[in-house]
Enquirer: 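Handing you this structure, nothing more for now.
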Amino acid sequence: MSTRIDIFEDDFDAGAEIAALKAQAGGAGAIATFTGYVRGEANLKALTLEHYPAMTAREIARHVAEAKRRWPLLGVRVIHRVGRLVPGAQIVFVAVASAHRAAAFDACAFIMDYLKVHAPFWKQEEYDDGVRWVDAKASDDDAAAKWKR
Amino acid sequence: MSTRIDIFEDDFDAGAEIAALKAQAGGAGAIATFTGYVRGEANLKALTLEHYPAMTAREIARHVAEAKRRWPLLGVRVIHRVGRLVPGAQIVFVAVASAHRAAAFDACAFIMDYLKVHAPFWKQEEYDDGVRWVDAKASDDDAAAKWKR
Amino acid sequence: MKLLYFAWVRQKIGRSEEMLSPSSQIATVRDLAEALKARGGGYAEAFGDLSRLRAAVNQDHVALDTPVSPDDEVAFFPPVTGG
Amino acid sequence: MKLLYFAWVRQKIGRSEEMLSPSSQIATVRDLAEALKARGGGYAEAFGDLSRLRAAVNQDHVALDTPVSPDDEVAFFPPVTGG
């Protein structure tokens, strides 16, 4: 099982990532992906993401390992951007390869739910009249809680 | 809501499709995709897909419309290849854009489950010693049935 | 009436489509299948076991008891295997 | 002991990390937070309401009653907002 996790400022090419994952996960019949973008709601000018690098890498690796325990996966690719991102920019990418589609979909959604809730990122929103830190959201906690068992 | 559905023999570029969908679905915060590949199980040499073009196009459009009714979607892209495909080849691609990830994931899985079960495709497997038509699978019927309500 | 055949139905019959002027006895899809079976040869093979066949009228899946009329497009095929 | 601050905790304090030789009175994360609060200024603001803070010891989320030792890496931050 190939696993690659990167947290960096650079943009990424989803198509190239899918092709690379497929090349590493030879027998894969299914690749599910998720790409998240900065939404330009309410005149948002930019979003700046801060993280705790040592902890972020460890936590994401732990969640990916948990996904591998739950589903028969052939490969996982996670990219999360940090720094200042403008509306429309790609912010997160998860791709999961498996023999069959249900495992690929479920594991991809599982990793995304954890990333959106538990990964140690903090977001600051930037508007014309200033900046504000984003509060943790209860709805995302619910999404992550559904995987508990 | 942009919807594009193609059934053809050509290969496709998942990355270009994601970028095109994002360009059309301006405010999307989430794009979930699924790419299916021909699995090279048990010395399979090739898979040949036949379809009922007028019916396939109509049925897929109907399932996409049902997905739009169930979830707040911003764009859907469906590509299904037909003809002779060798192991490793891309066979199907579904991308769904929405404001939020849950709708994008669920609608993408919903469309895929229908495509894998109800779409009028017939598959013929090619081995060294001959060809055989694939039978309809019960497990896929179960996957499609879970969306009934 | 336009008839379409797919997958092994097409292979057994040896053609993918044909035009037919149905007799007035043909009221349903089942009547049509039985009439085709009576042609013998590949048709008899293709329509030998109707439980193995599925049909569509004007691109809609239908049951065998569905009425057909001369300007319909009727397709016969095995259960779809999906993509 | 290495201390790390993130998001508005970092901003209020005015630095992202510092080294500390903790007094022997500091047995838990809560003791550490109270000692930092007692410095006043930005520290008092950052640690004014501990219910708004989360902590990690050696990159693991912990409760405030978790013991700390001098060679730990201790981080204080608001609840994570995810990616």
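Within every chain, numbering begins at 1; the chains are lettered A, B, ... in the order of the sequence lines, protein sequences first and strands thereafter.
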Enquirer: Taking salt bridge (charged side-chain N to carboxylate O under 4.0 Å, His left out) as the test, write out the residues that go with D11(B), two or more places apart.
Expert: R81(B)
Enquirer: Using the six-membered ring wherever Trp is involved, compare the ring planes of F121(A) and H80(A) and label them parallel, tilted or perpendicular (cut-offs 30° and 60°).
Expert: parallel
Enquirer: Find the one option among K22(B), H100(B), M112(B), Q90(B) whose heavy-atom pairs under 4.5 Å with chain A are most numerous.
Expert: K22(B)
Enquirer: So I7(A) and I60(A), do their side chains get closer than 4.5 Å, heavy atoms only?
Expert: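 In short, these two side chains touch, coming nearer than 4.5 Å.
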Enquirer: Report the option among T35(B), V92(B), I31(B) that has the most heavy-atom pairs separated by less than 4.5 Å from atoms of chain A.
Expert: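 Sorted descending by pairs with chain A, the first entry is I31(B).
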Enquirer: Who wins among P87(A), G26(A), A102(A), A99(A) for the most heavy-atom pairs under 4.5 Å with chain B?
Expert: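 Among the listed options, the one with the most contacts to chain B is A99(A).
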Enquirer: Given a strict heavy-atom distance threshold of 4.5 Å, which part of A28(A) is in contact with chain B: side chain, backbone, both, or neither?
Expert: backbone
Enquirer: To the nearest 0.5 Å, what is the distance between CZ on R84(A) and CG on L47(A)?
Expert: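 If I round to the nearest 0.5 Å, the distance is 10.0 Å.
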Enquirer: Return the option, out of A97(A), A104(A), G29(A), A14(A), with the maximum number of heavy-atom pairs under 4.5 Å with chain B.
Expert: G29(A)
Enquirer: For residues T3(A) and K68(A), determine if any side-chain heavy atom of one lies less than 4.5 Å from a side-chain heavy atom of the other.
Expert: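 They are in side-chain contact.
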